[in-house]
Amino acid sequence: MAEVRLQVQDISKTFGITKALQHVSFNVNKGEVHALIGENGSGKSTLTNMLTGIYPMETGKFILDGQEVHPKNQVDANNMGISIIVQELGTLSGLTVAENIFLGHEERFIKCGFRNTNQMNAEANRLLEKYGFTHIKAQKMVDEYNFEDRKLIEIVKATYFHPKIVVIDETTTALSQEGREELYKHMNRIRDEGNTVIFISHDLPEILDKSDTITVLRDGVYIDTIKSKDVTEEDLKRLMVGREITGDYYRADYGEKISDEVVLSVKNVTVPGLIHNVSFDLHKGEILGFGGLSESGMHEVGKAIFGASFDREGEVVLADGTHINSIPQAIAHSIAYTSKDRDNESIVINQSIRDNIALPSLDKLVRIPKFPILNWASIKAFALKYAREMSVKMQGTGQFVSELSGGNKQKVVLARWIGKDSDIVVLDSPTRGIDIKVKQDIYQLMDKMRKEGKSIIMISEELMELIGMCDRIIIMKEGTVSGEIMRSRDLNEHSLIEMMV
């Protein structure tokens, strides 16, 4: 019989009037990957944030190896043998890679009141080499690395000291396939050492493949704990949602002709060191996909179109001849953009849901045209309408975005651009951190926008959603266009992978 590592006993947590968790109890065993699943707002991250000292305890107990634990912060949790790789960025800007890895544990490098920085860097480089992340250097500022590399640094930070429990909260959605394989390798190592991984993901095939046991939460309530080998993806959907998920998931149409009308032309766009001489046309009513490995340059294409690459060369031109060279220009000419790095680039994290949704549309929410006096009644109604359209789980539109789950933050990002009613929408990783039901809603929304004549660029590392949603897919490799492929019933992941590697 498996030995229990962690007992979760009668855990409850509220945020204002929202009951995030209600008397949740279950056990987690030693030497297993224990998945925690549920829709956005089901309480998964709230539970693990209390376990790891990010949120204070309210009621209930965590019992680790027979001892009750109440971590006051993440360093305290580390000292108890509990660590976490958070959904968004968990590294601190302004510090080196080594300082991030050993944050809160610098005392091991201090002697006679002085920190031995050379020793710290040497130890961090040794760990990075051991993990296979040799392209990352300990002495460099963490800000010099991209989103994915910073997640790899977090893997080292969270696991180098062999904790008893490692929480992995939606981390795979931020990683390329290569990065995911690295993470899976370390998950298996942790399990093989007799320790435990608590794994949160919305990717149900990944959950079934990589976990041993699955616990399901729904609306803050414990539903069931099952063995992964005993259930199917459809079983998990029913447990998460409480009903059958019906209707089309991806698009069902094939063979539709793309309009000849070009709405946007990208001509020889280069961002030094990232992309080189990228050219393509976007057509009216088209969903154009971009795929590739993490460092392929596909994410930079989205920024370049939106005018967010300040050292960009080449041209981004609308059908009327307007050149897009800045973010205000892009917004003024009905271009929307959602970034993969949601918290830092797509929302204002410490502002309200209302302010975030209304921000791009303030020009049409003034009290009197030609006078910059905002109509607060219109702003509140506007934000409420689109928050409800995206089914944001919230106390009200005055609630701060920082208090929302990752998936609900993404809904706010999408709500602001749906409200703006932009004609060209650039979506970089739009379903990252989104549960299965909301993914379906987003796909159906994209299909509706396409039929209304909106043009969409979808950048994604999820090959199946590119295949399922796009009229045309451009594959990037080493900063250049590697190939292009049209929508087809026969298209599969292998066809795309061949152009990526």
Side-chain angles (χ1 to χ4, degrees), residues 251 253-271 274-292 296-309 311-327 329-340 417 420-430 446-461 463 465-488 491 495-496 499-500:
R251 286 170 58 180
D253 63 285
Y254 292 91
E256 288 191 13
K257 185 181 183 301
I258 301 173
S259 168
D260 292 329
E261 183 180 346
V262 174
V263 296
L264 179 82
S265 291
V266 172
K267 301 176 181 179
N268 301 315
V269 164
T270 295
V271 178
L274 296 171
I275 55 177
H276 182 68
N277 279 345
V278 173
S279 299
F280 61 89
D281 289 334
L282 175 67
H283 297 259
K284 185 178 177 66
E286 177 184 27
I287 301 179
L288 173 60
F290 275 81
S296 65
M298 62 178 177
H299 301 294
E300 193 58 45
V301 170
K303 289 184 179 181
I305 293 167
F306 196 57
S309 300
D311 52 353
R312 190 198 77 196
E313 302 165 9
E315 298 178 314
V316 177
V317 189
L318 296 177
D320 64 2
T322 301
H323 284 67
I324 302 299
N325 296 310
S326 69
I327 293 171
Q329 255 188 325
I331 294 172
H333 287 88
S334 205
I335 301 176
Y337 169 70
T338 70
S339 169
K340 177 181 178 180
W417 293 118
K420 179 65 175 171
D421 195 29
S422 299
D423 294 324
I424 297 171
V425 183
V426 182
L427 302 174
D428 191 345
S429 309
M446 290 171 64
D447 198 28
K448 176 173 175 282
M449 291 167 69
R450 166 187 81 85
K451 290 173 180 174
E452 291 171 350
K454 309 289 187 187
S455 302
I456 300 170
I457 291 175
M458 180 165 72
I459 303 163
S460 178
E461 288 161 15
L463 299 186
E465 72 178 6
L466 290 174
I467 292 167
M469 292 306 300
C470 296
D471 296 289
R472 187 166 49 114
I473 303 169
I474 291 175
I475 298 299
M476 299 286 293
K477 180 180 178 181
E478 297 176 353
T480 63
V481 173
S482 170
E484 181 179 314
I485 196 162
M486 301 300 294
R487 181 172 181 78
S488 164
L491 187 57
S495 308
L496 302 184
M499 289 187 277
M500 291 180 184

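Note that these values count all heavy atoms, side chains included, but never hydrogens, waters or copies made by symmetry. Predicted model, so just to flag it, every value in this text is computed and none were measured.
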Taking only residues two or more places apart in sequence, or in another chain, which ones meet [X] in a side-chain contact (heavy atoms from CB on, under 4.5 Å)?
X    : answer
T338 : S346, V413, L414, W417, L427
K451 : D447
H283 : I258, V262, D281, E286, R472

Looking only at atom types and distance, does a side-chain atom of [X] sit under 3.5 Å from a main-chain N or O of [Y], one as donor and one as acceptor?
X    : Y    : value
S482 : M476 : no
S334 : D423 : yes
T322 : A319 : no
R312 : A304 : yes

Looking at [atom1] of [X] and [atom2] of [Y], how far apart are the two atoms once the value is rounded to the nearest 0.5 Å?
X    : Y    : atom1 : atom2 : result
S259 : R450 : OG    : CZ    : 12.0 Å
K267 : N277 : NZ    : CG    : 14.0 Å
I324 : S265 : CD1   : OG    : 12.0 Å
I275 : T480 : CD1   : OG1   : 10.5 Å
K303 : L274 : NZ    : CG    : 8.5 Å

Should [X] and [Y] count as side-chain neighbours, where that means a heavy-atom distance under 4.5 Å?
X    : Y    : value
E465 : M446 : no
R251 : M469 : yes
L288 : D471 : no
D253 : R487 : yes
F306 : D428 : no
V316 : L264 : yes
M298 : E461 : yes
E315 : H323 : yes

Could you pull out the closest heavy-atom pair between [X] and [Y], with the gap in Å?
X    : Y    : answer
S429 : H299 : OG-CE1, 3.9 Å
Q329 : N325 : OE1-N, 2.7 Å
G285 : S455 : N-OG, 3.3 Å
P430 : I459 : CD-O, 4.0 Å
S279 : N268 : OG-N, 2.7 Å
V278 : G479 : CG2-O, 3.9 Å

Pair V266-V301, side chain to side chain contact (heavy atoms under 4.5 Å, CB included): steps then yes or no: CA-CA 9 Å; V266 172; V301 170; over 6 Å; no

Could you tell me whether E478 atom CD has more than 12 heavy atoms of other residues or ligands within 6.0 Å of it?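 No, because the 6.0 Å sphere around CD of E478 holds 12 heavy atoms or fewer from other groups.
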
Under the criterion side chain to side chain contact (heavy atoms under 4.5 Å, CB included), I'd like the reasoning laid out for F290 against I457: C-alpha separation, chi angles, the key distance, then a yes or no. CA-CA 7 Å; F290 275 81; I457 291 175; 3.8 Å; yes

Would I335 and L318 count as a side chain to side chain contact (heavy atoms under 4.5 Å, CB included) if you check the C-alpha gap in whole Å, the side-chain angles of each, and the deciding distance to 0.1 Å? CA-CA 10 Å; I335 301 176; L318 296 177; 4.0 Å; yes

Test I485 against I475 for side chain to side chain contact (heavy atoms under 4.5 Å, CB included), laying out the working first. CA-CA 8 Å; I485 196 162; I475 298 299; 5.5 Å; no

In terms of side-chain geometry, is the basic nitrogen of D421 or K454 positioned less than 4.0 Å from the acidic oxygen of its partner?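 Yes, D421 and K454 are salt-bridged.
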
